[in-house]
Q: 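Pasting a structure here, questions to come.
This is a predicted model, so every value here is computed, not measured. Keep in mind that the numbers below use all heavy atoms, side chains included, and drop hydrogens, waters and symmetry copies.
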Amino acid sequence: MAFKLFKSGDDLYEQGNELIKRGEFGKARDILQKSIEKEGGADDIAAAMVALIDVGKAQANPASYQRLQEALASCSAGDFVFGLTDVKRDELIQECALTARKLMALAKGTNRDSKMEAAKELQEVAQDFQAQMGDRTLIIPEIFRKDSTVTGTTEFFNLMATSYEMMSEATVWDDPSQAAEYEQIAMGYRQQNGQSGEANATRIRQFANTSKCWLCGRVATGEGIHFFSAPAEVSGALEKESAGGPAKSSPADGQHIYICRACYTAVSNKADEISRVYFDRGMAELRATEARLQAEIAALQSQIAFARMGR
């Protein structure tokens, strides 16, 4: 059998396809790139395959989906085979556009206003996933994560849930009761998608909890946000004394008290100031001791050197 020392572009193209079938995407990318340089196979399809492999390595980067979308738009063939998967070009273009929008919206939520804006965009993307893709399986998760359960409908439920969770995060600082309502809606979407929604249920309980600050007596709603539980020794007499009224100042374990955020941060900040004073004082004493020891060592070394010179 003859051995080809130099492979043609077509040979490289076929080799790249075989590597994709074996899941060796990194090697396949290099080979396909060489086949493009040698004008082997269908260059525009090879370029789309390279861009698709790049998406697999950067599935959280919207730019990678945009580059794949551009490569697919330039592809003369309507459909092509990627390994063992039949890829419909137009459907993958649609998936790339929606996924890029989703990722860009998720990256926006950094403060209250941007989270509310991002949540609105996510809801629009969610509705487009459902309207444009429906129960169709997404190609990229199926290829690179072996997950055929991700569809336009499941993305709709996930993104709607995420949007309401972002709205909850945006409002909990000013209105924990409203945040709890958003979490309730998010939990409904998660449960419709076959998820437990337990994380949402936990936040609902926390945001709805109300307590009376042990230190100042202020009533606060939103555990972990507007008040905190702090370790303390609560005697029976103190527990009875603090039990009056609709809001409690401590749980029933006798080992914690509730402190509002204002008191909690004030005590914490003052404790940090005191700690810093003692730390600085300790470091100053340590440096002074070190300097004294260095001086004593230097004097001793000088005495030893002088004694040697006198011999």
Q: For G16 and A28, which heavy atoms make the closest approach, and how far apart are they?
A: O-CB, 3.6 Å
Q: Looking at every non-hydrogen atom in both residues, tell me the closest pair between D147 and V150 and how far apart they are.
A: OD2-CG2, 3.6 Å
Q: For Y264, look at atom OH and say whether over 12 heavy atoms of other residues, nucleotides or ligands are found less than 6.0 Å away.
A: no
Q: Nearest 0.5 Å, please: how far is OH in Y182 from CE in M166?
A: 13.0 Å
Q: Salt-bridge test for E37 and K34: reply yes if a basic N is under 4.0 Å from a carboxylate O, no otherwise.
A: no
Q: Looking at H226 and W173, would you say the former's side chain and the latter's main chain have a donor-acceptor pair under 3.5 Å?
A: yes
Q: State, yes or no, whether a side-chain contact exists between I140 and T99 at a heavy-atom distance under 4.5 Å.
A: no
Q: Out of curiosity, C260 SG to F228 CZ, how far, rounded to the nearest 0.5 Å?
A: 9.5 Å
Q: Check this for me, if you would: do D280 and R276 make a salt bridge, where the nitrogen-to-carboxylate-oxygen distance has to be below 4.0 angstrom?
A: yes
Q: Does any non-hydrogen side-chain atom of T137 lie less than 4.5 Å from one of T149?
A: no
Q: Between T85 (side chain only) and V87 (backbone N and O only), is there a donor and an acceptor less than 3.5 Å apart?
A: no
Q: Treating Ile, Leu, Val, Met, Phe, Trp and Tyr as nodes and any side-chain heavy-atom pair under 4.5 angstrom as an edge, say whether V55 and F80 lie in one connected cluster.
A: yes
Q: Taking atom types as modelled and ignoring hydrogens, do the side chains of R136 and Q94 form a donor-acceptor contact shorter than 3.5 angstrom?
A: yes
Q: Is any NZ, NE, NH1 or NH2 atom of the basic residue among E169 and R112 found under 4.0 Å from an Asp or Glu carboxylate oxygen of the other?
A: no
Q: Under the 3.5 angstrom rule, does the side chain of T171 hit a backbone N or O of M167 as a donor-acceptor pair?
A: yes
Q: Let me see the working for E24 and E18 under side chain to side chain contact (heavy atoms under 4.5 Å, CB included), right down to the final yes or no.
A: CA-CA 9 Å; E24 299 181 47; E18 288 301 317; over 6 Å; no
Q: Please determine whether side chain to side chain contact (heavy atoms under 4.5 Å, CB included) holds for the pair I20 and L84, giving the CA-CA distance in whole Å, both sets of side-chain angles, and the decisive distance to 0.1 Å.
A: CA-CA 8 Å; I20 289 173; L84 301 175; over 6 Å; no
Q: Please find the pair of heavy atoms, one from A73 and one from R89, that lie closest to each other, and give the distance.
A: O-NH1, 4.2 Å
Q: Given the rule in the side chain to side chain donor-acceptor pair (under 3.5 Å) test, do Q184 and N200 qualify, once you have shown the distances and angles that lead to the verdict?
A: CA-CA 7 Å; Q184 185 74 49; N200 302 106; over 6 Å; no
Q: In Å, rounded to the nearest 0.5 Å, how long is the span from OG1 of T153 to CG of D135?
A: 4.0 Å
Q: Let's go through D272 and S275 carefully: what are the C-alpha distance in whole Å and the side-chain angles of both, what is the deciding distance for side chain to side chain donor-acceptor pair (under 3.5 Å) to 0.1 Å, and is it a yes or a no?
A: CA-CA 5 Å; D272 289 343; S275 297; 5.3 Å; no
Q: Is a donor on one side and an acceptor on the other found under 3.5 Å between the side chain of R261 and the backbone of I225?
A: yes
Q: Side-chain contact, heavy-atom cut-off 4.5 Å: R190 with E165?
A: yes
Q: Is there a side-chain contact between I36 and L12 (heavy atoms, below 4.5 Å)?
A: no
Q: Anything under 3.5 Å between a donor and an acceptor, one on a side chain of residues 119-126, the other on a protein residue two or more places apart or in another chain? List them.
A:
| from | atom 1 | to | atom 2 | distance (Å) |
| --- | --- | --- | --- | --- |
| E121 | OE1 | K108 | NZ | 3.2 |
| E121 | OE2 | K108 | NZ | 2.5 |
| Q123 | NE2 | S163 | OG | 3.2 |

Q: Taking all non-hydrogen atoms of both residues into account, name the closest pair between C96 and Q69 and its distance.
A: CB-CB, 4.1 Å
Q: Does any N or O in the side chain of S35 come within less than 3.5 Å of the main-chain N or O of L32, such that one atom is a donor and the other an acceptor?
A: yes
Q: What pair of heavy atoms forms the shortest contact from A71 to A47, and how long is it?
A: CB-O, 4.2 Å
Q: Closest heavy-atom contact between A161 and A186?
A: O-CB, 3.5 Å
Q: Should the heavy atoms of other residues, nucleotides or ligands under 6.0 Å from CZ of R218 be counted, would the total exceed 12?
A: no
Q: Mind checking the OH-CD1 spacing from Y164 to I185? Nearest 0.5 Å is all I need.
A: 5.0 Å
Q: Could you go step by step and tell me if E183 and S168 meet the side chain to side chain donor-acceptor pair (under 3.5 Å) rule?
A: CA-CA 6 Å; E183 289 290 341; S168 173; 3.0 Å; yes
Q: Below 4.5 Å, heavy atoms only, C-beta onward: do I257 and V234 meet side chain to side chain?
A: yes
Q: In chain order, what residues pass the side chain to side chain contact (heavy atoms under 4.5 Å, CB included) check against N209, with sequence neighbours excluded?
A: E223, F227
Q: Could you tell me if the side chain of S250 sits less than 4.5 Å from the side chain of H256, heavy atoms only?
A: no
Q: Quick test of your reading of the model: are E91 and K88 salt-bridged, counting only N-O distances below 4.0 Å?
A: no
Q: Measure the CD-CG distance between E14 and N17 for me, rounded to the nearest 0.5 Å.
A: 5.5 Å
Q: Above 12 or not: heavy atoms from other molecules or residues under 6.0 Å from CD of E233?
A: no
Q: Show your working on side chain to side chain contact (heavy atoms under 4.5 Å, CB included) between R29 and K57 and close with a plain yes or no.
A: CA-CA 11 Å; R29 187 193 189 284; K57 295 186 295 184; 3.9 Å; yes
Q: Calculate, to the nearest 0.5 Å, the distance between atoms CG and CG belonging to L98 and L103 respectively.
A: 11.0 Å
Q: Go through the steps for M116 and D113 under the test side chain to side chain contact (heavy atoms under 4.5 Å, CB included), then give the verdict.
A: CA-CA 5 Å; M116 294 299 286; D113 292 338; 5.8 Å; no
Q: Using atom types as modelled and distance alone, determine if a side-chain donor or acceptor of S249 lies under 3.5 Å from a backbone N or O of K212.
A: yes
Q: Please determine if E95 and R101 form a salt bridge, counting it only when a charged side-chain N lies under 4.0 Å from a carboxylate O.
A: no
Q: Are S229 and Y258 packed together at the side-chain level, in the sense that at least one heavy-atom pair is separated by less than 4.5 angstrom?
A: yes
Q: Could you tell me whether D54 and R67 have a side-chain N and a carboxylate O separated by less than 4.0 Å?
A: no
Q: Give me the ring orientation class for F156 and Y189: parallel if the planes are under 30° apart, tilted from 30 to 60°, perpendicular past 60°.
A: perpendicular
Q: Is a donor on one side and an acceptor on the other found under 3.5 Å between the side chain of N193 and the backbone of Q195?
A: no
Q: Return yes if some donor-acceptor pair links the side-chain N/O of T154 with the main-chain N/O of T151 below 3.5 Å, else return no.
A: yes
Q: With a 4.5 Å limit on heavy-atom distance, are the side chains of L159 and K102 in contact?
A: yes
Q: Answer yes or no: is there a donor N or O on one side and an acceptor on the other, between the side chain of S74 and the main chain of E70, under 3.5 Å?
A: yes
Q: Applying side chain to side chain contact (heavy atoms under 4.5 Å, CB included), name anything that partners D90, two or more places apart in sequence or on another chain.
A: I93
